[in-house]
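This one's a predicted model, so the numbers in the text were calculated from it and none came from an experiment.
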Amino acid sequence: MFFITAFEDLDKEWGYKGSARCFGFKETFEQADKAVKENWCGINETIYDYAVIEEIDSGIHPDVKNRWFYKFNYEKDIYEPIDEPEEMKGFCNLSLG
């Protein structure tokens, strides 16, 4: 599954700061990527500047297999792919806690 989580800002100590929200999941990366890039159902909610898609298998405390980061472009009203922020290295399972 490909879980979509958005969060407000980056923080060197905690990875992210402010609010975070898991918006759900899609069964394929292509579906999740399209949902994030096109800001489906207003994922940004005017506060979530960043989003991440985490590929996670089923299970108890599952590992994140892959992840992709995005930053919101307010002029275009879309999320755009970015490299993994330094602040997020070492943090995972944002969607499941």
Side-chain angles (χ1 to χ4, degrees):
M1 296 292 172
F2 296 84
F3 288 83
I4 299 167
T5 303
F7 53 97
E8 286 187 59
D9 205 355
L10 298 168
D11 181 85
K12 289 185 186 223
E13 187 174 345
W14 298 103
Y16 73 89
K17 65 181 175 182
S19 297
R21 178 177 176 195
C22 179
F23 282 85
F25 65 90
K26 291 291 188 179
E27 293 183 2
T28 69
F29 171 74
E30 291 75 23
Q31 292 171 335
D33 183 59
K34 184 175 175 76
V36 171
K37 284 180 176 175
E38 295 179 2
N39 192 32
W40 286 6
C41 299
I43 292 170
N44 171 256
E45 292 186 350
T46 72
I47 62 169
Y48 298 119
D49 288 349
Y50 296 89
V52 61
I53 297 172
E54 294 176 301
E55 181 181 8
I56 303 174
D57 283 334
S58 64
I60 304 298
H61 301 297
D63 289 330
V64 173
K65 294 171 58 174
N66 292 299
R67 60 189 189 164
W68 300 265
F69 286 88
Y70 303 80
K71 184 166 186 188
F72 197 72
N73 181 325
Y74 284 92
E75 291 179 13
K76 297 179 182 177
D77 198 36
I78 61 170
Y79 280 97
E80 297 176 322
I82 61 171
D83 291 334
E84 179 176 2
E86 283 295 317
E87 294 88 345
M88 294 305 295
K89 293 190 176 179
F91 293 93
C92 65
N93 274 336
L94 299 174
S95 58
L96 300 178

- Pairwise side-chain contact, Lys34 with Lys26, heavy-atom cut-off 4.5 Å (strictly under):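 No - every pair of side-chain heavy atoms lies 4.5 Å or more apart.
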- Query: Can you check whether Asn39 reaches Phe72 side chain to side chain, under 4.5 Å on heavy atoms?
  - Reply: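 Heavy-atom side-chain distance check passes, below 4.5 Å.
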- Item | Which residues share a ring pair (Phe, Tyr, Trp, His ring centres under 6.0 Å) with Phe69, sequence neighbours left out |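 If we apply the ring pair (Phe, Tyr, Trp, His ring centres under 6.0 Å) test to Phe69, skipping adjacent residues, there are no hits.
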- Item | Residues that Phe25 engages under ring pair (Phe, Tyr, Trp, His ring centres under 6.0 Å), provided they are two or more places apart |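 Partners of Phe25 by the ring pair (Phe, Tyr, Trp, His ring centres under 6.0 Å) criterion, ordered by chain and then number, come out as Phe3.
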Please report the interatomic distance [atom1]([X]) to [atom2]([Y]), rounded to the nearest 0.5 Å.
X: Tyr16; Y: Asp11; atom1: OH; atom2: CG; result: 10.5 Å
X: Lys76; Y: Lys37; atom1: NZ; atom2: NZ; result: 11.5 Å
X: Thr5; Y: Phe23; atom1: OG1; atom2: CZ; result: 9.0 Å
X: Leu96; Y: Ile60; atom1: CG; atom2: CD1; result: 10.0 Å
X: Ile78; Y: Glu38; atom1: CD1; atom2: CD; result: 9.0 Å

- Message: Pair Asn44, Tyr74 - check side chain to side chain contact (heavy atoms under 4.5 Å, CB included), show working.
- Response: CA-CA 9 Å; Asn44 171 256; Tyr74 284 92; 3.3 Å; yes
- Heavy-atom neighbours of Asp63 CG exceed 12 at 6.0 Å: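 It does not: Asp63 CG has 12 such atoms or fewer within range.
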- Message: Just checking Lys12: does its NZ atom have more than 12 heavy atoms from other residues, nucleotides or ligands closer to it than 6.0 angstrom?
- Response: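 Not more than 12 within 6.0 Å, no.
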Closest non-hydrogen atom pair, [X] against [Y]:
X: Ala35; Y: Ile4; answer: CB-CD1, 4.1 Å
X: Leu10; Y: Met88; answer: CD2-CG, 3.9 Å
X: Tyr48; Y: Ala6; answer: CB-CB, 3.5 Å
X: Pro62; Y: Ile56; answer: CG-CG2, 3.3 Å
X: Arg67; Y: Val52; answer: CB-CG2, 4.0 Å

- Exam field: side chain Glu54 to backbone Ser95, donor-acceptor pair closer than 3.5 Å: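 Present.
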- Query: Are Met1 and Leu94 connected in the hydrophobic side-chain network, where two residues link if heavy atoms are under 4.5 Å apart?
  - Reply: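 Looking at the clustering, Leu94 is in a separate group from Met1.
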- Task: Verify the cluster assignment for Tyr50 and Ile47: are they in a single hydrophobic cluster under the rule of side-chain heavy atoms below 4.5 Å apart?
- Result: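 No, Tyr50 does not connect to Ile47 through the hydrophobic network.
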- Item | Which residues share a side-chain contact (heavy atoms from CB on, under 4.5 Å) with Phe29, sequence neighbours left out |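 For Phe29, the residues satisfying side-chain contact (heavy atoms from CB on, under 4.5 Å) (neighbours in sequence not counted) are Phe2, Asp33, Ile53, Trp68, Tyr70.
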